[in-house]
Protein chains: 2
Amino acid sequence: MNVHGRDLYYFTSVAEELSFTRAAERLFVSQPALSKQIRMLEKQLGVVLFERDRRTVRLTAVGEALLPHARAVLAAWQAAEAAVEEAKTAERCTLVIGMSTSPGRGLLPALRARLVSRHPEAQPVLRQVNWVDASAGLADGSSDVAFVWLPLPDDDRYQYAVVAREPRLVALPDGHPLAARAASDPEGKVDFTDLLEEPFLALPPEAGPLRDYWLALDARDGRQPRIGGVVASAEETHEAVASGQGVALLATGNAPLVVRDEVIAVPVRGISPSQLAVAACQDDKRTLVLAYLAAAREVGATTC
Amino acid sequence: MNVHGRDLYYFTSVAEELSFTRAAERLFVSQPALSKQIRMLEKQLGVVLFERDRRTVRLTAVGEALLPHARAVLAAWQAAEAAVEEAKTAERCTLVIGMSTSPGRGLLPALRARLVSRHPEAQPVLRQVNWVDASAGLADGSSDVAFVWLPLPDDDRYQYAVVAREPRLVALPDGHPLAARAASDPEGKVDFTDLLEEPFLALPPEAGPLRDYWLALDARDGRQPRIGGVVASAEETHEAVASGQGVALLATGNAPLVVRDEVIAVPVRGISPSQLAVAACQDDKRTLVLAYLAAAREVGATTC
DNA sequence: CCGTTGTGATAGCCATGAGTTATGAACGTC
DNA sequence: GACGTTCATAACTCATGGCTATCACAACGG
């Protein structure tokens with residue numbers, strides 16, 4: 001494997017032209033350079049490839065034997081280059097969109113439409129990510145862009161555009177005393193202060209600030225919440241609420257994934273609304289990524 | 001085609017080991033050298049082939065796409081090297097034996113037997129050469145060894161061994177007056193002096209000293225012979241003699257090729273015998289060539 | 001908690017490779 | 001016999017590919 005592809009190309013060129021001078025100008029190198037390279041190749045193989053007869057050049061038997069193989073090697077390499085080129089463009093056109101649960105609200109089709117209208121070659125690919133990763137795959141590079149809940153940990157590592165801002169709800173078993181209280185509330189809401197003593201379902205500790213956010217730590221004045229259980233997906237949350245392990249805060253858009261059977265969700269007074277954003281890495285300047293963020297910014301302007 | 005085979009080998013090695021350090025020691029290069037080469041390859045292709053993650057190395061999508069093609073290129077190159085190797089040994093084992101007419105006298109089988117008994121890999125190939133080339137292909141390299149008539153032009157450029165020494169004959173039409181004279185001669189011969197006025201068939205002028213030799217210029221004391229025609233093969237000679245264009249000197253061993261129908265050959269008194277030799281280029285030191293010459297020397301010792 | 005080990009990247013050095021221009025030797029052509 | 005063509009050679013430049021030494025970082029183990 002100790003040969004330069006260029007040398008093989010030089011060899012085939014001389015073999016085709018049967019002239020060092022003509023081959024050299026076809027290859028845009030000087031004739032001595034070509035002569036030397038061919039000699040190097042011959043030396044390397046321990047073989048004479050051309051019979052130079054002062055005036056004429058012709059292939060030796062060995063050269064004749066090498067020629068088709070040299071062409072095969074070059075063809076194989078061209079195929080390799082083509083494959084790389086194809087993989088490169090495929091990679092450039094693919095946009096991996098991370099999300100913990102489906103963002104819903106018609107966001108995906110809206111953003112997709114805006115993306116492909118400006119970049120018809122774009123190939124958006126959706127990727128489901130565990131709730132534990134607040135960055136929905138941005139942090140480890142498995143997503144190019146992602147739907148995330150603000151606030152993000154390491155806020156300055158990301159660029160983002162808010163696409164939805166909506167009150168947080170609390171998911172309750174339908175027989176829960178607070179369910180009745182909400183029913184009698186003029187706005188159908190419960191006060192967060194009424195939830196302070198409730199056991200809460202929490203994200204795993206690895207979720208960091210995101211865990212704190214969905215426990216609404218900022219609204220508890222430093223008092224630690226009671227933890228009724230650990231959940232990492234909508235399905236688990238539904239199960240845990242229905243079985244009475246605890247209650248859980250939800251984004252309005254995620255409510256349909258949790259509310260069914262014996263679980264209801266009611267708005268909460270006294271906590272900040274949730275903010276859903278499309279994010280990417282701060283230093284990511286790729287065209288498709290920026291285009292998706294721009295689309296998100298436009299859509300966000302109409303929905304928020 | 002602008003890539004070094006080595007780089008592809010490096011690439012496949014790293015892809016197999018998934019570790020620069022291990023791949024480097026497998027390849028007997030230092031780890032930094034390997035790192036640098038892979039970076040060069042990536043730069044050349046404008047692509048990232050490996051994802052280096054401090055602790056782990058893994059192929060990117062593009063690297064994955066390249067890998068099988070890289071292997072294909074390497075395989076193609078190995079096939080090419082094998083083909084060259086085979087052609088090289090084939091060339092080393094082939095011995096091209098040039099001859100103007102078949103030397104006859106059982107020489108070819110005898111020499112062949114001696115050659116292959118010592119070099120079983122030898123592949124003797126016979127090659128017919130026009131009479132005009134006294135060196136029977138040695139001069140232009142189209143023969144490795146050759147049966148030639150002495151004296152050779154450029155005597156010092158060749159090494160040779162005499163394998164047959166025999167009187168020269170003259171070919172005559174069977175109705176020629178000298179035919180009858182020969183029949184009445186006690187030895188069945190004619191004197192060369194009787195031939196001095198006869199028209200002679202000559203080789204073409206390009207044949208040089210060989211032409212002079214078969215006109216027996218040395219036996220004419222400087223008088224120019226009459227030229228009845230130009231011939232360059234046994235067939236032409238027979239035709240020309242039969243049609244009465246002239247007479248021609250022949251080596252005894254060649255007589256059977258010319259004597260038939262209306263042409264006869266009789267020994268000539270007063271000219272030197274012809275000498276058939278096996279020759280090669282003076283500076284040719286190849287084993288098979290020397291072996292064939294040695295065989296010729298042995299056979300010549302028994303026949304002369 | 002800190003030192004050890006193992007990994008890939010970086011820096012600086014040097015021999016060689018691949019290109020250049022200028023020139024030479026052999027041969028055909030006018 | 002001067003000229004043009006063709007391949008080989010010489011002398012030089014600059015990039016390439018290799019080395020050693022060292023760094024930065026993560027994982028382990030005491």
Side-chain angles (χ1 to χ4, degrees), chain A residues 1-60 63 70 74 77 139-141 154 157 206, chain B residues 1-60 63 70 74 77 139-141 154 157 206:
Chain A
M1 47 292 283
N2 198 12
V3 73
H4 202 297
R6 177 197 38 233
D7 293 347
L8 293 182
Y9 189 53
Y10 284 4
F11 166 67
T12 60
S13 296
V14 175
E16 277 158 18
E17 297 284 352
L18 288 180
S19 154
F20 283 75
T21 309
R22 279 197 306 279
E25 63 195 33
R26 210 179 78 175
L27 293 165
F28 302 109
V29 294
S30 68
Q31 168 267 315
L34 182 57
S35 270
K36 195 155 82 169
Q37 284 311 102
I38 296 288
R39 284 203 176 284
M40 283 287 163
L41 182 61
E42 289 179 325
K43 188 175 151 195
Q44 207 170 41
L45 296 174
V47 150
V48 179
L49 295 170
F50 293 102
E51 210 165 314
R52 290 89 153 167
D53 188 57
R54 286 287 167 230
R55 206 104 196 109
T56 68
V57 173
R58 63 178 193 279
L59 279 168
T60 62
L74 291 174
W77 175 241
D140 64 3
D154 277 331
R157 289 186 47 209
E206 309 93 88
Chain B
M1 48 296 286
N2 196 11
V3 72
H4 201 295
R6 179 195 39 231
D7 292 347
L8 293 181
Y9 189 53
Y10 284 4
F11 166 68
T12 59
S13 295
V14 176
E16 277 159 18
E17 297 284 352
L18 288 181
S19 156
F20 283 74
T21 308
R22 279 198 305 279
E25 62 196 36
R26 209 180 80 174
L27 293 165
F28 303 108
V29 295
S30 70
Q31 168 265 317
L34 182 57
S35 270
K36 195 155 80 170
Q37 284 311 101
I38 296 289
R39 283 203 178 285
M40 284 288 161
L41 182 61
E42 288 178 324
K43 189 175 152 196
Q44 205 170 42
L45 297 173
V47 150
V48 179
L49 295 171
F50 294 101
E51 210 164 315
R52 290 89 152 165
D53 188 58
R54 286 287 167 228
R55 204 104 198 106
T56 68
V57 173
R58 65 177 191 279
L59 278 169
T60 62
L74 292 175
W77 175 240
D140 63 4
D154 276 331
R157 288 185 49 209
E206 309 94 270

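Note that the coordinates shown come from a computational prediction; the quantities given were computed from them, not determined experimentally. In the text below, chain A, chain B and the rest are named by the order of the sequence lines, each starting its count at 1.
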* Asked: Taking any atom under 4.0 angstrom from a heavy atom of chain B, which nucleotides of DNA chain C are the first and last to qualify, 5' to 3'?
  -> C/dG6 to C/dT10
* To do: Output, in order, the C-alpha distance, side-chain angles, deciding distance and verdict of side chain to side chain contact (heavy atoms under 4.5 Å, CB included) for A/Gln37 and A/His4.
  => CA-CA 10 Å; A/Gln37 284 311 102; A/His4 202 297; over 6 Å; no
* Letter per nucleotide, 5' to 3', of nucleotides 16-26 of chain D [B base touched, S only sugar-phosphate touched, - untouched; heavy atoms, 4.0 Å] -> -BBSBB---S-
* Step by step, work out the side chain to side chain contact (heavy atoms under 4.5 Å, CB included) result for B/Arg52 and B/Ile38. => CA-CA 12 Å; B/Arg52 290 89 152 165; B/Ile38 296 289; 3.7 Å; yes
* To do: Would you please classify the geometry between the B/Phe50 ring and the B/Phe11 ring as parallel, tilted or perpendicular, with 30° and 60° separating the classes?
  => tilted
* Got more than 12 heavy atoms from elsewhere within 6.0 Å of CZ, A/Arg58? -> no
* Side-chain touch B/Met1/A/Leu8, heavy atoms, less than 4.5 angstrom -> no
* D/dA8 phosphate, OP1 or OP2, under 4.0 Å from A/Arg52 side-chain N/O -> yes
* CG-CD distance between A/Leu49 and A/Glu42, expressed to the nearest 0.5 angstrom -> 4.5 Å
* **side-chain hydrogen bond (donor to acceptor under 3.5 Å, both in side chains) against A/Ser35, all qualifying residues, sequence neighbours excluded** => A/Gln31
* To do: Evaluate the side chain to side chain contact (heavy atoms under 4.5 Å, CB included) criterion for residues B/Val3 and B/Leu41: first the C-alpha distance (whole Å), next the side-chain angles of each, then the deciding distance (0.1 Å), finally the verdict.
  => CA-CA 8 Å; B/Val3 72; B/Leu41 182 61; 3.9 Å; yes
* Expressed in angstrom and rounded to an integer, what is the separation of A/Ile38 atom CD1 from D/dT9 atom P? -> 14 Å
* Looking for any heavy atom pair under 4.0 Å, which part of the strands does B/Thr56 touch: base, sugar-phosphate only, or nothing? -> nothing
